Amino acid sequence: MNLLFINGPNLNLLGKRESDIYGIESLDQIINWVTERIKTNENEINWFQSNSEGKIIDKLHWALSNDVDGIIINPGAYTHYSIAIRDAISSIKIPTIEVHLSDIENRENFRKISVIKDVCISQISGLGKIGYLKAAQALIKEI
Ligand code: DQA
């Protein structure tokens with residue numbers, strides 16, 4: 001099982017940005033916590049973060065030619081308006097789960113809209129780092 005985690009803009013600032021919303025842990029700490037819980041000899045796990053829409057799209061295309069079985073994506077603010085990321089997810093046809101650390105349904109109105117939701121298997125929101133773990137476990141079970 002080859003899993004790819006993608007994190008979008010500003011998630012490199014976890015631990016520093018709005019800790020009341022996103023928690024005090026850095027992205028590296030979250031990566032280590034999640035990876036420790038799912039790593040086996042059979043699972044290949046890759047993490048990618050970018051602040052650029054195009055780089056996220058390139059990584060989704062990369063997944064297609066690199067035998068990625070499942071994708072966990074937190075597109076950050078791109079969630080709410082990037083039709084280009086939506087089209088990339090839809091084009092590659094690799095099972096994908098959308099994750100958000102915060103509960104996007106219970107924040108500003110503009111965060112309630114996800115343009116990628118219906119090209120993903122499911123959306124997990126508001127569980128903090130546990131969301132990434134649950135998404136990975138669901139993909140491992142499903143694939
Ligand atoms: C986020 C929620 C988005 O609305 C926001 O723009 C982010 C992080 C989350 O993980 O809760 O950058 O995706």
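No hydrogens, no waters, no symmetry mates; every other heavy atom, side chains included, goes into these values. Everything numeric in this text was worked out from a predicted model, so none of it was measured. Atoms within each ligand, like the ligands themselves, are counted from 1 in listed order.
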Acceptor/donor pairs from residues 96-103 side chains to any protein atom, 3.5 angstrom cut, sequence neighbours excluded:
from   : atom 1 : to     : atom 2 : distance (Å)
Thr96  : OG1    : Ile94  : O      : 2.7
Glu98  : OE1    : Ser114 : OG     : 3.2
Glu98  : OE2    : His100 : NE2    : 2.7
Glu98  : OE2    : Ser114 : OG     : 2.9
Glu98  : OE2    : Gln123 : NE2    : 3.1
Ser102 : OG     : Arg107 : NH1    : 2.9
Asp103 : OD1    : Glu105 : N      : 3.3
Asp103 : OD2    : Asn106 : ND2    : 2.6

Glu53 and Asn51: CA distance, side-chain angles, deciding distance, side chain to side chain donor-acceptor pair (under 3.5 Å) verdict: CA-CA 7 Å; Glu53 187 179 31; Asn51 294 324; over 6 Å; no
Expected rows: ligand 1 N/O, protein N/O, dist below 3.5 Å:
from     : atom 1 : to     : atom 2 : distance (Å)
ligand 1 : 4 (O)  : His80  : NE2    : 2.7
ligand 1 : 4 (O)  : Arg111 : NH1    : 2.8
ligand 1 : 6 (O)  : Ala77  : N      : 3.1
ligand 1 : 6 (O)  : Arg111 : NH1    : 3.1
ligand 1 : 10 (O) : Asn74  : ND2    : 2.8
ligand 1 : 10 (O) : Leu101 : N      : 2.8
ligand 1 : 11 (O) : Leu101 : N      : 3.3
ligand 1 : 11 (O) : Ser102 : N      : 2.9
ligand 1 : 11 (O) : Ser102 : OG     : 2.6
ligand 1 : 12 (O) : Arg17  : NH1    : 3.1
ligand 1 : 12 (O) : Arg17  : NH2    : 3.3
ligand 1 : 13 (O) : Asn74  : OD1    : 2.8
ligand 1 : 13 (O) : His100 : ND1    : 2.8

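Summarising the geometry of Leu3 relative to Ala136, their closest heavy-atom pair is CD1-CB, 4.0 Å, with the distance given to 0.1 Å. Of all non-hydrogen atoms in Val115 and Tyr78, the two that sit nearest each other are CG2-O, 4.4 Å. For Gln29 against Glu25, the heavy-atom pair with the smallest separation is OE1-CA, 3.3 Å.
Asn74 contributes no side-chain N or O that, together with a main-chain N or O of Tyr132, makes up a donor-acceptor pair within less than 3.5 Å.
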